[in-house]
Protein chains: 2
Amino acid sequence: MQTQATVTDTSRYPLSRKQRELAKREALILDTAQNILHEQGYSSLTMDRIAEAIEYSKGTIYNHFPNKEDMVCSLCCRNIKNLIDIFTRAAEYEGTSRERFSAMGIGYSLYHQINPLDAQNIQIIKINSIREKISLEKLSEIESLEQRITEIANRVVQEAIQCGDLPKEVSDITDSIVFGYWSMLYGSLLLEQSDIPLENLGFNPGVKTLWLNCQKFMDGYNWLPHSPDIGSESLFNKISSDLYSNEVDMLNKRNK
Amino acid sequence: MQTQATVTDTSRYPLSRKQRELAKREALILDTAQNILHEQGYSSLTMDRIAEAIEYSKGTIYNHFPNKEDMVCSLCCRNIKNLIDIFTRAAEYEGTSRERFSAMGIGYSLYHQINPLDAQNIQIIKINSIREKISLEKLSEIESLEQRITEIANRVVQEAIQCGDLPKEVSDITDSIVFGYWSMLYGSLLLEQSDIPLENLGFNPGVKTLWLNCQKFMDGYNWLPHSPDIGSESLFNKISSDLYSNEVDMLNKRNK
DNA sequence: GCAATAATATGACGAAGCGTCAAAAAATGT
DNA sequence: ACATTTTTTGACGCTTCGTCATATTATTGC
């Protein structure tokens with residue numbers, strides 16, 4: 001009988017040799033997929049090409065993933081963990097609640113600038129006609145990972161209310177605040193997507209614009225302390241260097 | 001010689017019989033494509049199916065569109081005109097500058113709720129791997145249509161500055177304001193996309209959430225008059241019934 | 001150590017879709 | 001009425017997906 005290879009066993013028991021090998025191969029497949037995406041783009045990502053690259057047959061890949069879309073979703077799951085890490089760091093940042101929330105925006109923006117591929121993959125798996133091919137298990141996996149992120153953000157909002165940085169009245173719409181913030185981050189991300197010519201749309205895009213809009217969004221909710229009329233950039237720089245110096249370096253290096 | 005059928009001639013001269021027939025058939029193709037999308041979804045949208053439905057051969061379709069993606073983009077171009085109409089109506093709304101800007105948000109949101117297909121198509125043509133197949137002409141067509149929308153929004157922002165509803169200091173970042181606003185609209189739209197289970201993410205989504213966030217965004221920019229602490233919904237209802245009663249009816253009818 | 005059995009890997013194959021192009025059909029010009 | 005240009009057609013080649021009978025490898029029982 002042909003059974004589905006699986007490494008999603010989350011039990012604490014040590015994996016058997018077999019399971020380890022399976023996990024290793026799964027990682028190999030995902031690595032290879034990412035490479036191809038990186039070097040040749042999504043339209044060149046075919047199961048045959050992956051099979052050739054990893055020196056296993058196509059059937060073996062299909063023992064790991066029910067289809068191509070599911071595989072891309074797995075890639076997203078793997079990579080979104082980096083984003084969780086960034087959000088966690090932001091939530092633990094030593095500063096006001098507002099600075100911590102701001103840090104999340106910077107982190108999100110930085111992360112996707114460094115890894116535009118991830119943004120593209122996320123974009124792809126959000127398309128309904130793609131989505132319907134992804135297994136329910138994988139869908140709920142990515143969903144719960146995203147949930148972890150929104151929970152982290154939500155906690156900061158609640159802390160802000162508790163310590164009086166945000167008015168008590170918003171206690172029952174903390175979700176909305178997170179949703180709005182995320183919408184703006186996500187929307188900006190997609191609108192800024194590499195190949196869409198925003199300049200011609202009359203926009204002056206970039207991280208700084210997003211930063212400003214995020215600040216104004218928080219101002220609107222009366223999140224104290226308010227952003228200064230001028231010079232909120234110094235806060236931006238402070239947070240960037242405090243929390244994301246590695247990421248900023250990486251970005252600078254790449255742009256050279 | 002095989003030449004490309006074209007009806008994009010924008011000259012004012014009356015079209016010849018031939019051109020009219022061509023335009024008619026192009027519309028037929030797009031209508032049919034939209035039908036198939038509506039009834040069977042994007043994965044069932046194939047050139048062969050369209051050909052069969054319109055009772056022309058596939059080759060004839062390829063005389064109108066260089067490929068499938070270009071055709072979907074054409075569909076977007078055709079439909080985005082409705083959005084321009086909505087934005088125009090919003091810009092001409094008799095009310096404060098802030099109300100007009102708000103009206104744009106409501107209109108955008110309503111429009112995509114009524115036509116979720118359009119939102120999906122827009123989402124699709126924003127994917128790089130799709131985009132690279134679309135002809136440059138079509139890309140610049142949709143770009144300039146989108147530009148018309150942002151221009152309309154931008155004009156309202158400028159009027160707001162002129163009449164003192166927005167502080168003079170933002171004069172040179174009107175683009176950013178429009179960009180932020182649009183990001184939030186667009187981001188919310190995509191995050192709310194039909195099949196993504198937001199409830200489980202802890203969100204309480206919907207038009208009202210978006211409305212609130214838009215209001216807070218404007219508050220953040222100090223766009224006068226500020227939204228009231230409670231009861232900004234009455235303004236929402238007023239604008240909806242003043243400007244979009246047709247659209248609201250349509251939506252109610254459909255949900256019945 | 002070996003046969004029997006179970007698990008896994010393979011790649012040829014069918015199905016489906018895209019886009020092409022030589023040939024057929026229709027329209028136009030003379 | 002015939003020649004020439006334009007348009008339409010659908011069979012065809014190509015690519016990709018995902019399957020599955022068969023081959024290979026691993027495991028178990030004795």
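Lettering of chains follows the sequences in order, A, B, ..., and the numbering in each one begins at 1. Below, each value reflects all heavy atoms present in this structure, side chains not excepted, and no hydrogens, waters or symmetry copies.
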Looking at [X], does any N or O in its side chain come under 4.0 Å of the phosphate oxygens OP1/OP2 on [N]?
{"X": "A:Lys58", "N": "C:dG11", "answer": "no"}
{"X": "B:Arg49", "N": "C:dC18", "answer": "no"}
{"X": "A:Asn63", "N": "C:dA9", "answer": "yes"}

Protein-nucleotide distance ([X], atom [atom1]; [N], atom [atom2]), rounded to Å:
{"X": "A:Lys133", "N": "C:dA16", "atom1": "NZ", "atom2": "P", "value": "14 Å"}
{"X": "A:Ile61", "N": "D:dT19", "atom1": "CD1", "atom2": "P", "value": "14 Å"}
{"X": "B:Asn67", "N": "D:dT15", "atom1": "CG", "atom2": "P", "value": "18 Å"}
{"X": "B:Asp48", "N": "C:dA16", "atom1": "CG", "atom2": "C1'", "value": "9 Å"}
{"X": "A:His64", "N": "C:dA7", "atom1": "NE2", "atom2": "P", "value": "17 Å"}
{"X": "B:Ile29", "N": "D:dT8", "atom1": "CD1", "atom2": "P", "value": "10 Å"}
{"X": "B:Glu52", "N": "C:dA16", "atom1": "CD", "atom2": "C1'", "value": "14 Å"}
{"X": "A:Tyr56", "N": "D:dT25", "atom1": "OH", "atom2": "C1'", "value": "12 Å"}

### CD/B:Glu55: more than 12 non-hydrogen atoms of other groups inside 6.0 Å
no
Only pairs under 3.5 Å count here: list side-chain donor-acceptor contacts from residues 40-47 of chain B, not counting sequence neighbours, and write none if there are none.
residue : atom : partner  : partner atom : Å
B:Ser43 : OG   : A:Glu132 : OE2          : 2.7
B:Ser44 : OG   : B:Gln40  : O            : 3.2
B:Thr46 : OG1  : B:Arg49  : N            : 3.1

### Task
Could you tell me whether B:Lys81 and B:Asp85 make a salt bridge, using a distance below 4.0 angstrom between a side-chain N and a carboxylate O?
no
### Query
Between A:Tyr111 and A:Ile80, is there a donor-acceptor pair closer than 3.5 Å when you use the side chain of the first and the backbone of the second?
no
### Task
Strictly below 4.0 Å, heavy-atom distances to any atom of DNA chain C: list the hits from residues 32-46 of chain A, or just say none.
none
